[in-house]
Amino acid sequence: MKLSSYEDLRSRLLSRSISCEEVVRLYLDRIDHHQSDNIYISVFHEQAVERAKALDRKLMEGGKPGKLFGMPMAIKDNIAIKGAGLTCASKILENYESVYDATAVLRLEAEDAVFLGKTNMDEFAMGSSNENSAFGNVPNPYDKTRVPGGSSGGSAAAVANGLAMVALGSDTGGSVRQPAGFCNIVGLKPTYGRISRYGLVAFASSFDQIGVLALNCDDAALVLEVMAGKDEHDATSSLHAVPSYSSDMAAVSVEGLRIGVPSEFFHESLNPDVARLVKGKLHELRDKGAELVDITLPESDYAIAAYYILVTAEASSNLARFDGARYGYRTDAAEDLAAMYVNSRTEGFGREVKRRIMLGTYVLSAGYYDTYYKKAQQVRRVFQDRYREALQKVDVIAGPTSPFPPFGIGDKTGDPLEMYLADVFTVPASIVGMPAVSVPVGFDSLNLPVGMHLICNFFEEGKLLGIARHMQAS
Ligand code: GLN
């Protein structure tokens, strides 16, 4: 059975032409079939079926179906579900079970979603290829020798392979959008503060947002609407009212739409296929009445440097809590307390996580704080000013999601700086905190997917998804 939208599934469920249990069993079978791909770290075989049966009963007894009734979902393994594993794809949390639910998870559950399991990722969401996982690589759904992107690689591969209808990811610098681009699906990072971070394991708290990976913009909007809104457990969650995203989307028309195209995003080093597909799509929209406006974002070259200073600084502080004393893995080899801390962290964390803790500790140290951390904060402010200015002139800023199509497994693991460049186009929206989405725009000469990246002003998720929907459909 091919289910390409929740609307389709919902009408079949509500007319009872299929039951929740049948749907969930179908997805679980597919998951089992793909087991060797490492897409899921844990699968809720029994719980998901029990939950589906309960939803079937509810419908039979005349209960009101929630907004996400029977939606089969996957959750990235850095988002807490009470009683389930919460590994963050790290050995240090290998056997840890969450003692509480993330707010986003509770809100999905309250609208009758069904969770199928927890998905693979780069360790603590640090990476762009899913290769930094203690639970193995995930192959790209379009070419098994290539990466699915990261860090939400498992969530993207789950949706693209039909192993979940929608998946949650987390996005600190592109981890929802970049894998969505690599797997030919929609990936949305909302405005910073739109969705509560309570229950999302922190990487860089001033950047982290829960995001949605889906087959289409309508599904992403619906799931966003359910999760968005103030939460007393997260002081950075916004009071901004949650609109009806579907009506905001419907209000967007291509006619007269002003699309800002920064020259810096189409540098000559951009992969030619990516450039051709993204420009081709922009020209299609122009032919339908949109206006393409040349803009310039001159500081773009500093995005990666500023990002990696700021997020490593925050990560070095956030990850101090994993010390072997309170959570997860503890070493066997320790004569005293100091050795217990050191050895637990040395054995429990992977290479990339250690690299970032060291880098972050360095940029925050007394002699370097002003040179690196403070400077990067100033750059962050410049980016915010520039993007605000740009979005006064245009409705949306458009460019490629990634400078190249999905790359081969192992191709970039030897050179972290090469890997960091995979996020060059997604990082700016995270630096400024604006909402951004990746939407599929076609396939390159090797039949690999390419994504378009769109950024709108703060809290304009409805408009953003409305524009993205025009791109996906046309
Ligand atoms: N790839 C980027 C990084 O490694 C982004 C990660 C993310 O968004 N979680 O930091």
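Whatever order the structure lists them in is the order used to number ligands and atoms, beginning at 1. Computed from a predicted structure; not experimentally measured.
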We want to know whether [X] and [Y] form a side-chain donor-acceptor pair, criterion being a heavy-atom distance below 3.5 angstrom.
X	Y	value
Ser237	Asp231	no
Asn216	Ser5	no
Lys76	Ser155	no
Gln178	Ser402	no

Atoms in ligand 1 with a heavy atom of [X] nearer than 4.0 Å:
X	answer
Ser151	9 (N)
Ala125	6 (C), 7 (C), 9 (N)
Phe203	9 (N), 10 (O)
Asp171	8 (O)

Could you tell me whether [X] approaches ligand 1 through its side chain, its backbone, both or neither, with non-hydrogen atoms closer than 4.0 Å?
X	result
Tyr420	neither
Tyr307	side chain
Lys76	neither

Best match, Ser175, Gly127, Gly174: closest heavy atom to atom 9 (N) of ligand 1: Ser175
Side-chain (Asp444) to main-chain (Asn447) donor-acceptor, under 3.5 angstrom: yes
Identified side chain to side chain contact (heavy atoms under 4.5 Å, CB included) partner of Tyr387 from the options Ile431, Ile397, Asn457: Ile397
Residue and atom name of the nearest protein heavy atom (relative to atom 3 (C) of ligand 1), distance in Å to one decimal: Tyr308 OH, 3.2 Å
Top protein contact for atom 2 (C) of ligand 1, by heavy-atom distance: Asp423 OD2, 3.2 Å
Geometric N/O contact Ser128 with ligand 1, under 3.5 angstrom: yes
4.0 Å heavy-atom contact, Glu352 with ligand 1: no
Nearest-0.5 Å distance, OG1 of residue Thr191 to CG of residue Leu188: 8.5 Å
From CZ (Phe443) to CG (Leu277), nearest 0.5 Å: 10.0 Å
